[in-house]
Amino acid sequence: MRLTALTLTKYGNFAAERIDFDPRPGRLNILAAPNGAGKSVLRGAFADLLFGIGGQTPMGFRHGYPGMAIMAEAIGPDGTPFTFGRLKGQGNPLIDGERNRLDPVVIARLLGGIDRQRLERLFALDTERLRMGGADLSASGGGVAEALESGAGGFHRARQVRKTLEEQRDGIAPIRRSAQRPFYKALDEYNTARRQVGLELLKPEQWRKEQQELDAMEQRRRERNAAADIASEQIARLERVRRVAPLLDAHDLALSWLTGHPDAPVLDPMLAARLTDAQSSIVVKGQRAAREAAAAADFQAQRETIVLDTALLTRAEALDQLAAIAGAARKAANDLPGLQAQAAGKHARVDELLRELGRPLPFDRAREAIPQRAVIGRARRLLQTYEARAEAARDAPARVASLEKERDAIAAKLAALPPALGTGVLDGLMKEIRAGGDPARAEQEASAALTAADAALAAAIARVPGWTDGLAALVSLAPLPLPSYERLVADRDDATRAEAAALDVLTDARRSFDTETANLAAIAGTTPLPDQAGLDHARTRRDLGWRLIYRHAFTPDPPTQAEERAFAGDLPLPLAFERAIAAADALVDRWVENAALVERASAARVAIQRAEERVHGLEARHRLASEQRAASERTWFQVCAGLSAGTLTGEGPAKPPGVAEVRAFLAARDRVIDAAEKQKSLAAGVAALTHRHAAWAARLAAALGSPLEDLPALLAGGDQRLNAARLADRLRTRLETEQDGNARNLAETIAARTAAEGTLAAWRADWDQARRDLHRPEQEDPGVTGDLLQTIAELDGVLSEAVTLDTRVSAILNDHARFMATVSGLTAAIAPDLGGTDPFDAVSELTQRLRTARARAKEHDLLTQQLEAASAAAAEADRAAAESGAELQAVLALTGAETIEAARERLALAADRARHTAALAEIGARLTEAGDRRSLEDLRAEVAAEPADTLRARQDALERDRKDAQDAAQDAAARAAEMRQRMEREATGTKAGDAEADRQAAAATMGRVLEEALVLHIAAAMLGRALKDAEKSGESDKIRRIGDLFGKLTNGVYTGVATEFVDDGRLRLMLPQRDFPDERQPVEALSEGTRDQLFLALRLAAIEEHAATAAPLPFIGDDILQTFDDDRAEAAMRVLLEISGKTQVILLTHHRHLLELAARLPAGTVHARRIQSLAG
Amino acid sequence: MASFQFLHCADLHIDSPLRGLESDPDAPVDRIRRATREAFTNLVDFAIEHGVAFVLAAGDLYDGDWQDWRTGRFLVDQVRRLGEAGIPFLTIAGNHDADSVITRRLTLPAPAFTFPSRAPGTWRSEALGVCVHGQGFATRAMMDNLVPGYPPPVPGMLNIGMLHTDIDGSYGDHARYAPCTLEQLRNRGYDYWALGHIHTPQRWETPWIVFPGNIQGRHAGETGAKGATLVTVRDSTIVNAAPLYFDTVRWAHLIVDLTAAGDEDAAFALIRAALTQARADAEGRLLAARVTLAGATPAHAALNRDPGNTRERVRAEALALAGADAIWIEKVSLDIRVPVDAGAMLSPLLAEIDRLDPAELAPEAAEWCRTMLDRAGGLREDLKLLDKDHPLLQMITDGVIPKAMEDQARNLLRARLAGDT
């Protein structure tokens, strides 16, 4: 659709306005009007025309809603003119030129699928909407947005994959050293192990050296021990000397006595004692014989005073027997009546029992009623077992029935149990899963740790000063080493100081220059002083004038007029020459007159010149220092910008960051890397845990035969299954145990029943025999028989008691008669005075008389014995005294003496001889022992050789030597032992091998890590290259068209448009430049105008795209070129003119110069209308 | 006519660390670190228990650059045990021993016998009717063929030759020390050649020419059972030479084909099965496994998207399967790729990635490798020991991206970009 005219009635600030347009392709419609003239209203009216006037439209602000209408005259896609419009009112009716309602389908066909929103984003733009940019365009959908995305290769995810690959590579083996990364961790372990190998290695040379040291120490020990032995020998010799010296003296003394007493007898040393004993024995034994004779006489006298009763003593034995039985005889006489009554009672009971037995026999035949004891015993034993056997036989069937019932009940319970399940695998799996603790808890802890690590990582990132670009960008930074930053800052500070110093020096130089200049001015005063140059100049001019006059007057080559004019100007040459002479002379005159001043001025000028030269030189130096300072600052800014986009200071980019900020930034970054490493490690741990749990869950689900659920649920299910199985197993086991017990009991009970029945039958057979032996009737109940057996037993007892009582009564009667006869006979024989006395009293009297007679006889016997002993002792004492006299004589004979005194003298001499002889022998033995069995001569020589006064000192010295040697030997032995132990430990240790194994393990880890990292590296590189190639080959026509339009809009300054994805997934436009083909500018870096040109290119491309598939709507641009400079505005109008071939273009502008620029377009291509105000 | 048995071992490399096993607090550290010692101790135990007549050790008792005297001390202790049981330990110096400072200081206790290095020597046992001829290396760089210098066989005796050598130079990347040919050995007329240097067991009969392999695998390149050879002599004739295994850590390279795995769970089921089988094959020893996941599988995206996670899952499976003291995962390599039908739906970007010439990326990647290795200081040599084909070394040496790295990178990108395809 192309508009021919638009008529607004009571719309906005328009009362009634018709605006004409040129609808032809290749025409650019421009409406120039000042601000407030209603351009925006016109753009809004176009939208309202197509989509309806809003119910609360603000366009009624001046004229209200009644009568509001928008009418358009247009040419349809098929070239047919038509009119349509909108009325403000109920339903916003679409009308035709006759104000008849039109079918909305008509307008729908015109729209080509464009809705109001898209219209306002593509076809009816002002600058603000234009600038909504690529993001808005992308959000609007459509092919351009897709093209933009495909311009980025369409491989956003692929880029992310590549980035992930690189991160993973750097996560395990980054080029920048990071102690926590697996590669460097393994490297550290590797280096540690390698050092450890060197430390722990026991080299053969080292071993040999240690062996040599050990041998040397052993040798030293042996040498010291030998020295100690020598000292010990010397000490032993001196000890021997010391021991044997006094012994030798004693030996000599004893030998000397014996030599001096050759007549000293050799007697038994016991003779002296025998002599003394004999002397004293003679005296003692004589006295004893006298005492014993006196005692015998005394005993004889006492015995003769005692008179004995021999008659009584002769019948003492018979009397003693009588006294012994007298008490019993008296008691038996007293008990006899009672015993006789008891015997009568027993007789009566026997008769009674015989009657009970049915055997009324006389007492003396009563025994016949009692069967033999064996028969009775057998019958009793049978009766004792009868009840038990009868009961057993009686109860057995009931017990069998009970057990059979119990058996059936157990079998029923077992049958009711579910079949046994094999839970060994499940149990093992459950134990395996729970071996490391509760999996759910482990997962929670791992997740919690990971969450904490995430938080720590986020906190660490947040603490990175000024950083907003996320973790990946931070990690991917390649900061310089900190010393490099410090060096750069130092360079910058040095340059700043150098610049300041150069400025100071320059200021001083300038000050000197000014001083010199002032000095010259003071010297010259108001009148300039001639200087050498001025004088030279005057003289040169003078000489030039002369050469011209000379040529003029004296040569055929006169000067030309130009030459003369050059010298003289308008003056005649002679006059000019004359003035030149005068001037030179005047200068010379003044030179002469002011020679001193001139000299000073000349010096001042030289000084000024030097100062000026110095100033120039210093200015150059200052400039150079400034450039160096600026360069170092630029460098510093650049390296800092690489760190954190220049925001390190937090005070804006104007002030450069300091080393402290950089240090803080790097430290914070390192903390982030560490935190990220930890988080990654924990994440891997969680993943591994999850995998393990998943594997367990799968196995557990398989074991349970249930659907796959989460592990805790499966574990709970497993527990339930196991518990149920265990419960059933326990119940089954218990029932089976009961069943086994029941079976055993049943079998035993049946066997017992059979046995009881057999036993009872056997008993009955035995009982029949016993009954027959008892002569009891055949049908008698065993209980009755048992009762009769009790009666028989009682009869047997009572009968025995009765017989015993009868016997006892008879014996008492006999004993009493015999006692009476004996008493009577004895009294008559020895005590007639007791005749007629009670026999029992007579026995008592006789007994008393016998006790007295026996006491007198005993005293008589004792005295007789004492008399005999005293007589024997007296005889013995006499014999002993005689023996002592004989002993004395014998001793005297042995000593060879006749008297006791002579004997004692000889015995003393013999004792001395014996003593000295014994001493000599003892000393000899001691010398043998103390002298180490050396000969007496050797010992004498040894003693003689060692002076006694130095003996102790020499021994002490030798003791010290020996102790030193022993200490040294012990020390050597201890050290040797220590060395041996150490060598043994070293020889058997495994640390070197372990360290080497550690080294190999670390090498293996590094090898594995590097291989994994290399795969990631190659994969990332492959993907990067593929993406790049894909970008090249996959750039769409649409992107090229956008780039083409943008190039045209910028007059070729920009050569196209590219797109790329940034980290957060957003699409970013990048603009390659003609003059910097290797660089791509982001949109943010474009100027405002260029940015508007880019967005216009995007819109125009979209419009072209739309136009390719649908009838396009007119494009209305409301002051969209206001930021374009003239060249680009013209370029834009040319582009719009090109677009107008596809859709109508209407430009609204308040810039009148656009009309002037439009005049540069080909004639007839612009339909321009300049209006002061559109408002009516 | 004597009948007896003897043990032939070589390349003990005592105290040589097992390479490629990363440290982990859960690992059975002692079993890993004492593996070479325990293997040799097992051999000595066997020799004493079964009363073998003698033990032959054909060189390389320890690493040449290893200087710890304790290693020599351990060897002496074990040889002393043999000596106390009356079993002679006969050995020659290999290239590593010749280079070792331990060798110069070490004297083995009698009746052990070390053959000379300047010329072949002979050890005789009249009781057994055996002559053992041998010559050790005087220097590591023994490039001469020593076989021609060996003495002719002693008539009426069982003649055994001991030599540290590389036959025909056809055994992998072992340096060609004291090279000789199979024919030369056969023509010498000995009954048995007890060889060392090649870590993979090899043997020929008539006469017997045997490399027993090393006694304990030390890295992922030395997989399978390791030990020595038990030689049985009956009536002065060798009737059998059978391998015996003394290793305590068994290395395995498990290439798990995941082609049939429809998804990630199925893939891990296959991995579990492979680990289970390998554990069984290890016969109770600690299994040190390198796992390579291979094949075109629909699970490629899930497995390739986060290789680190996949590796950890494989380790976790091993741990869950048998515990840390049964399986130790040395490395997990991903060589899985997208199935062909899925490849037909490549996005333009993935197509671009496939079209890329890796040579264009190689200089920058090589520079990265150089930078990282510079950071690592002396690691470069260790990486050679660890894996001489380590991609970083290849990158720096050859200047091209190794094919495996290229494939892994492409697979990683396919997995990561799977949502875009």
Side-chain angles (χ1 to χ4, degrees), chain A residues 155 157-158 161 164-165 173 175 177 183 187 189-191 194 201-208 432 687-688 691-692 695 698 986-990 992-994 996-1008 1010-1019 1021-1023 1025-1027 1029-1030 1034, chain B residues 15 17-23 32-33 67-70 72-73 101-102 104-105 265 307-309 312-313 316 320 330-331 348-349 352-353 356 358 360-361 364-365 368-369 371-372 375-379 382-383 385-387 390-392 395 401 405-406 408-410 412-413 416-417 419-420:
Chain A
F155 308 126
R157 183 172 173 198
V161 167
T164 302
L165 291 170
I175 288 180
R177 182 181 177 82
F183 173 71
L187 179 58
E189 291 171 358
Y190 174 83
N191 288 327
R194 189 166 57 177
L201 214 56
L202 177 60
K203 296 186 177 179
E205 294 77 11
Q206 181 186 349
W207 178 264
R208 185 174 59 85
E432 177 192 334
H691 275 302
R692 193 158 59 245
E986 286 177 343
T988 56
T990 59
D994 289 345
E996 176 63 15
D998 287 342
R999 188 169 75 103
Q1000 290 298 331
T1005 301
M1006 281 195 285
R1008 190 257 305 162
L1010 284 176
E1011 188 172 332
E1012 291 178 12
L1014 179 58
V1015 171
L1016 291 165
H1017 183 89
I1018 294 170
M1022 280 182 168
L1023 187 53
R1025 178 63 64 92
L1027 282 167
D1029 293 346
Chain B
D15 283 347
L18 304 194
R19 297 192 168 92
L21 296 180
E22 298 185 44
S23 62
I32 293 172
R33 296 187 172 182
Q67 301 186 28
D68 196 34
W69 176 249
R70 300 176 186 93
R73 172 81 180 256
V101 295
I102 299 174
R104 292 194 285 273
R105 302 287 181 199
D265 288 341
N309 182 51
E312 285 309 311
R313 279 200 63 187
E330 181 249 3
K331 182 179 181 182
L349 185 61
E352 198 69 50
I353 290 171
L356 272 179
E360 295 177 10
L361 306 173
E364 190 275 335
W368 183 86
C369 292
T371 304
M372 294 311 296
R375 296 276 189 280
L379 176 66
D382 272 324
L383 278 182
L385 293 174
L386 186 70
D387 184 353
H390 193 282
L392 255 76
M395 281 294 309
I401 296 175
M405 293 292 99
E406 181 190 334
Q408 285 187 39
R410 289 190 201 282
L412 177 62
L413 289 174
R416 294 284 177 94
L417 297 171
D420 294 334

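We name chains A, B, ... by the order of the sequence lines, and we start the count at 1 in each one. Every value quoted in this text rests on a predicted model; they were computed, and no experiment measured them.
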Next item on the list: Pick one of side chain, backbone, both or neither for B/Leu18, based on which atoms fall under 4.5 Å of a heavy atom in chain A.
Entry: backbone

Notebook entry, point to check: Under a 4.5 Å heavy-atom cut-off, does chain B meet the side chain of A/Leu187, its backbone, both or neither?
Noted result: side chain

Item checked: Which atoms of A/Arg208 approach chain B - backbone, side chain, both or neither, heavy atom under 4.5 Å -> side chain

Note to self: I'd like to know if the side chain of B/Arg410 and the backbone of B/Ile353 have a donor-acceptor N/O pair within less than 3.5 Å.
What the structure shows: yes

Margin query: To the nearest 0.5 Å, what is the distance between CZ on A/Arg194 and CG on A/Asp998?
Written below: 14.0 Å

Next item on the list: Heavy atoms only, distances under 4.5 angstrom: which of A/Thr990, A/Asp994, A/Leu1016 has the most pairs with chain B? Name it, please.
Entry: A/Asp994

Note to self: Ignoring hydrogens, what is the shortest heavy-atom contact between B/Arg73 and A/Trp207? Give both atom names and the distance.
What the structure shows: NH1-CH2, 3.5 Å

Check: Side chains of B/Glu406 and A/Met1022: does their closest heavy-atom pair fall under 4.5 Å?
Finding: yes

Next item on the list: Answer with side chain, backbone, both or neither: which region of A/Ala1013 has an atom nearer than 4.5 Å to a non-hydrogen atom of chain B?
Entry: both

Checklist line | When B/Leu412, B/Asp265, B/Leu356, B/Ile401 are compared by non-hydrogen pairs under 4.5 Å with chain A, the top option | finding: B/Leu356

Check: Going by heavy atoms in the side chains, are A/Ile175 and B/Arg375 under 4.5 Å from each other?
Finding: yes

Checklist line | Proximal component of B/Ala365, with respect to chain A [non-hydrogen, under 4.5 Å] | finding: both

Notebook entry, point to check: Applying the side-chain contact (heavy atoms from CB on, under 4.5 Å) test to A/Leu1014, which of B/Met405, B/Gln408, B/His390 qualifies?
Noted result: B/Met405

Next item on the list: Answer with side chain, backbone, both or neither: which region of B/Arg33 has an atom nearer than 4.5 Å to a non-hydrogen atom of chain A?
Entry: side chain

Checklist line | Partner chain A: residue of B/Glu360, B/Met395, B/Met372, B/Glu312 with the largest heavy-atom pair count (under 4.5 Å) | finding: B/Met372

Check: So what's closer than 4.5 Å to chain B heavy atoms on A/Ala992: side chain, backbone, both or neither?
Finding: both

Item checked: When B/Asn309, B/Thr371, B/Asp15, B/Ile32 are compared by non-hydrogen pairs under 4.5 Å with chain A, the top option -> B/Asn309

Note to self: Assess whether a salt bridge exists between A/Arg1008 and A/Glu1011, defined as any Lys/Arg side-chain N lying under 4.0 Å from an Asp/Glu carboxylate O.
What the structure shows: no

Item checked: Distance, nearest 0.5 Å, that separates CG of A/Leu165 from NE2 of A/His1017 -> 11.5 Å

Checklist line | Residue A/Ala173 versus chain B: region with a heavy atom under 4.5 Å | finding: both

